[in-house]
Amino acid sequence: MRVNADSTLFDRLVSVRAIYWVVTVALGAAVLNGGCRRATPNQVVVYTSVDQVFSEPVFRTFERRGTQIRSLFDTEETKSTGVLNRLLTEAPNPQADVFWSGDPMRALVLVEKGLVERYIAPNASAIPEQFRAADGAWTGFAARARVILVNRNRVATGDAPRSIRDLASPQFKGQCAMANPLYGTTTMHVAALFAAWGDADAKAFLQAVKSNGVRIASSNGEVKRLVASGEAAIGLTDTDDAHEALEAKAPVDVVWPDQEGLGTLVMPTVVVLVKGGPHPDAGRRLIDFLLSAEVERRMAEKAAHMPLRGDVTVPGVRRIAEVRAMQVDYQRVAAEMQRIQPWLRDWVGL
Amino acid sequence: MRVAGGRAESLSLAAAGAVVALLVVVPLVAVATRADTSSLGVLTQGRAWVLLGRSIVLATSVTVGALVIGIPCGAVFARARVPALRSLFALHLAPVFLPPFFAALGWFHLFGARASGSSVLFSPAGAWAVLTFAFAPIVTGLTAIGIRALDPSLEEAARLVARPWRVVTRILVPAAGRQIAIGGLIVFALTLGELGAPMFLRVDVYPAAVFARLGGMDLQLGEAAVLSLPIVALAALLVAGEARLFGRSHAGALTLRDRARESLDLGPGAHALAIAAALVSMTPLLVLAGHGMREVGRVGEWLGSSIANGLLASLATATVATLGGLGLGHALGRGRWMARIVTTALLFGFFVPSAVLGVGIVAAWNRPSTEVVYGSAGILVLAFLARYSWLSIRVIAAFVAQRSSTYEEAAAVAGAGYFRRLARVVAPMERRGLVLAFGLTLVFCLRDLETAVLLYPPGGEPLTVRIFTLEANGPTRVVAALAVVHVAVTLAALLVVGWGFRGSRA
């Protein structure tokens, strides 16, 4: 296009030639952005459902050791389609090297479908046996637990719940909150109850909770907010959310439920090596780093995750030995989780 | 005389059709093939229809609310004599360019932290209010465009015998009826597909039922595909409605004639309305800004490369959509049937739930042979093109349809081929349309959350996604500050496009 003397700067900017160069540069940059990264050997691709606010600083520390990390975040709170389903959809052509799951269940789904490469990290031996697979299919560390958050202004100390069953108690009718059990750690908690109590008892309990007017929140973080603000008297949530409420000086107490009976559900975060990932060696290096005492300590300090290693102690954070943990066969709970999904969708109304 | 398209145009349209098939049809077929007969059972369950009914009620009520707010606001912003009218208009339009989830976050910081406010906000009424205020500016903008596109002589004749408000209600608004109806259709479609804001506000909507099959522990692609069918059927109805409204003429659809004319004195109420409209639009954004102000210094820690990621993918998409839209929009504006088919396919890309389209794109494009695309920002560009290129084509078509084909005929007689006419005649004459198409596509890509969150390459998330994932357990003030940064980036992009638009009038 010819530009005459009267043409504005804009005329020049939108000339066909300019558009051509914009296209060329933009597309070239986009392609190089991906292509070069893919070709770089000293990098690792990690998918994680551990909250970005906690996991990203860990990745940055690892990067300072010389391996670039390309990360894909998702949390159970965000309800995005989820890294698990992306990993499943990508299975014919894996993109990730490592999956760091916020709970054992998602990782076990990958194990069950044969999508993980077995790897026994040298420092995995410091993790108790019940939190790792003997064959190296998965390794747990930095655990969370399911706790009941209680608003002190609404519940007297002596009236505080002691068991998960108190969510169905008339004492708390219309005053309880829990996250949507279709997503995140609440799914695992419900599945663990199905595994422990059997279908009939677990379904009766959940129906009783529903009849008791439980408020279904969009996430565990939302449960924390509801209890902290006093909109709900009690709520079922994770230790990291409870920790945030305590850090914010909210008027809340944390109850570790069923310490005299069933025990509290403990959920390690779990790391697996993805089978057929593009950078397996770097993936192994990242797993070694994640299973180090340094990372467990950091996760305990920043997110109140319970250290599973015996050599990590952080003031104010319970260690696994100090808790009566629910006896859980994670493999069975993973199977239960998938089995009960249609029933849960009915229960939620979706 | 109609300029013959010729073989080159037919081949180009066929090629465009093939590209659109790759972008939209193949992914949707990839999802549909996962549906077996057992998946169909999900549609026999009453709760699916209850949710669909609830979503239709929400979409209808939001559309009504947006029309009630948008029509008078559009009239005022188009024709009233009000100080700082353009600035107030720009402020009122701001929410259009942001995901409604951000607005919900802003209203939450204002009301939701208190128990009393929370009970209203976290309810169907709260969702209605948030979405109505977020989408009403779409109706405002299209109403204003419609009114401004009206032949001034009609208005001048009316002013001789009627008071200003009567001119507005009896002449201007009815004359902009087509644009208003299109605005209503867009608001209806956007509300029907919206997931983030209702989910945040704990309101169950139909897309959540689709999403529960994709985001839960058991991936139920078949059921998700089957549940998408009613949405596709609704989309087809909307497509038919859109075709009926626009027809072939596209008359005044998106043009800005902007011929000088005297503003109307609509009284002090008009000023109050303009200020109120700007305030309501800006309130959630200002609240976010206030909330995040103390953490602005920490924003750098959490931004990463997200701004560049989003801008790169959005710029590339807008550029390709505008260039491709030139050919397709031209053909559509000139009434070519092939262009109508291709554009209809793209409209499905715009309406189908992004989760379904996204899963289909993964299934279709994650292959070793397409690694360079799937493993890069290229996959975002493809997804954005599938979703938003309909907008650019429609805009360009409206501009082309407004102009006589005389110049093209003359060029054809002089021996200029199809591509030469496009490059040397159509493109220079429709620069304003190209810039507007580029700008609209750019901002829709920048505001996108639900498509990008499914497909972004590792390490390549745009800012909207980063804000969304950090919202869970992230420092709330930092999240608010990031949202403000996103607003600033979008407004900067808009300013550049606006500057270009002004330049193109010269």
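All values below come from the heavy atoms of this structure, side chains included, with hydrogens, waters and symmetry mates left out. Lettering follows sequence order; numbering is per chain, from 1.
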- Heavy-atom distance under 4.5 Å to chain A: side chain of B:Tyr456, backbone, both or neither? both
Please determine, by modelled atom types, if [X] and [Y] share a side-chain donor-acceptor pair under 3.5 angstrom.
X: B:Asn309; Y: B:Ser306; value: no
X: B:Tyr374; Y: A:Gln95; value: no
X: A:Thr186; Y: A:Asn180; value: no

- Measure distances from A:Ile216 to the heavy atoms of chain B and classify the residue's part below 4.5 Å as side chain, backbone, both or neither. backbone
- Message: Between A:Val46 and chain B, with a heavy-atom cut-off of 4.5 Å, which part of the residue counts as in contact: side chain, backbone, both or neither?
- Response: neither
- Partner chain A: residue of B:Thr322, B:Leu201, B:Asn366 with the largest heavy-atom pair count (under 4.5 Å): B:Asn366
- Task: Can you establish whether the number of heavy atoms outside A:Arg60 located under 6.0 Å from its atom CZ is more than 12?
- Result: yes
